[in-house]
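The structure presented is a predicted model; accordingly, all values stated were derived computationally and were not measured. All residue numbers in this chain count up from 1 along the given sequence.
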Amino acid sequence: MAKKTTPPDGGAADSIKTTDISAITVNSAALEKIIGVSDRRIRQLAEENIIIRAAKGRYKLMDSITNYILTLKVQMEANNAESVDGEIDLEEEKAIHERVKRHISELKLQTMRGELHKSEDVERVMMDMLASVRAKLLSMPTKLAPILVSRSEIDFVRNTINREVMEALNELKDYNPKEFYSDEYVAVGDEESDEREEN
């Protein structure tokens with residue numbers, strides 16, 4: 001003889017069969033067990049309209065689960081996108097770092113070959129040259145006054161002053177690249193060419 005079962009809620013033994021699951025509603029406790037979250041989280045999701053309320057203390061089962069799954073799917077896709085973006089950014093940062101390192105190496109090589117000068121070396125050499133020019137210009141009155149005091153020929157005076165000025169300016173004209181070399185300078189190929197010339 002078949003045993004009659006009583007539903008947990010104490011209702012009638014014969015349950016109503018339905019194929020329209022959109023009409024099914026459940027309480028918070030049932031929904032917690034189905035989707036595996038706390039009662040507090042259920043309330044939060046309901047406030048965000050992810051869990052759909054049907055009435056006080058009741059929720060639409062199908063709509064709520066559908067929305068919850070979609071929310072999880074969107075979050076997962078967003079997290080994956082962030083991971084991919086992070087990897088791209090990391091690779092880009094590595095590439096930038098390598099380019100900077102290569103650029104620094106190229107600059108150091110140019111400095112060692114004497115093709116690029118450090119600002120402190122340029123400043124040192126230029127200050128020496130300008131100091132020399134300044135000294136020559138300041139000494140001109142003392143040097144020229146005795147020579148020109150008794151001369152009245154305009155051409156002689158002009159040529160004498162011009163000669164002294166040009167001599168002072170030649171200090172700037174005579175550029176010697178070796179004066180700008182830093183302590184890192186290495187003669188690349190010079191020694192070999194010198195040896196060939198000697199042979």
Side-chain angles (χ1 to χ4, degrees), residues 37 40-41 44-45 47-50 69-199:
V37 297
R40 181 180 177 184
R41 182 61 179 149
Q44 288 176 341
L45 292 170
E47 289 173 5
E48 296 171 10
N49 291 324
I50 295 170
I69 291 171
L70 286 174
T71 301
L72 293 177
K73 186 177 179 182
V74 168
Q75 287 177 348
M76 188 179 299
E77 288 174 354
N79 290 338
N80 288 340
E82 286 176 7
S83 297
V84 170
D85 289 344
E87 289 174 7
I88 291 172
D89 289 343
L90 181 60
E91 291 301 317
E92 187 176 348
E93 288 298 321
K94 285 181 179 178
I96 291 171
H97 181 66
E98 289 302 315
R99 282 198 296 270
V100 170
K101 280 172 61 178
R102 186 182 67 189
H103 185 61
I104 291 171
S105 297
E106 289 171 355
L107 292 177
K108 288 180 74 173
L109 181 59
Q110 286 179 314
T111 301
M112 292 172 68
R113 287 178 170 173
E115 298 168 358
L116 182 70
H117 305 304
K118 291 182 176 180
S119 59
E120 57 264 31
D121 294 326
V122 174
E123 182 180 5
R124 172 182 51 79
V125 174
M126 292 306 298
M127 289 300 291
D128 289 345
M129 292 173 68
L130 292 173
S132 179
V133 171
R134 180 177 183 273
K136 284 184 178 293
L137 291 173
L138 290 175
S139 69
M140 281 174 61
T142 305
K143 181 179 180 180
L144 295 177
I147 299 171
L148 301 176
V149 69
S150 61
R151 304 300 293 259
S152 58
E153 303 89 350
I154 192 71
D155 287 341
F156 177 79
V157 173
R158 183 176 58 244
N159 290 337
T160 303
I161 294 173
N162 188 57
R163 185 173 61 251
E164 291 297 321
V165 170
M166 292 305 295
E167 185 180 333
L169 292 177
N170 281 336
E171 291 288 331
L172 299 175
K173 179 180 70 70
D174 296 333
Y175 166 74
N176 182 5
K178 292 182 179 179
E179 292 179 357
F180 291 88
Y181 291 165
S182 69
D183 295 336
E184 299 175 18
Y185 173 73
V186 176
V188 179
D190 291 350
E191 294 177 1
E192 294 178 2
S193 59
D194 291 343
E195 288 176 4
R196 283 197 299 270
E197 288 176 4
E198 289 175 3
N199 295 333

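Within 6.0 Å of CZ on Arg40 lie no more than 12 heavy atoms contributed by other residues, nucleotides or ligands.
Taking 4.5 Å as the limit, some side-chain heavy atom of Gln44 sits within range of a side-chain heavy atom of Arg41.
Rounding to the nearest 0.5 Å places CD of Glu167 at 10.5 Å from CG of Leu137. How far CD of Glu153 is from CG of Asn159: 11.0 Å, rounded to the nearest 0.5 Å. Here CD1 of Ile147 is found 6.5 Å from CD of Glu164. Values are rounded to the nearest 0.5 Å. Atom CG of Leu144 and atom CZ of Arg151 lie 12.5 Å apart (nearest 0.5 Å). We find the CZ-CE distance between Arg134 and Met127 to be 10.0 Å, quoted to the nearest 0.5 Å. A distance of 10.0 Å separates CD1 in Ile69 from NZ in Lys73, rounded to the nearest 0.5 Å.
Contact record, Pro146 with Pro141: CD-O, 4.5 Å, taken as the closest heavy-atom pair.
With hydrogens and angles disregarded, no donor-acceptor distance shorter than 3.5 Å links the side chain of Ser132 to the backbone of Asp128.
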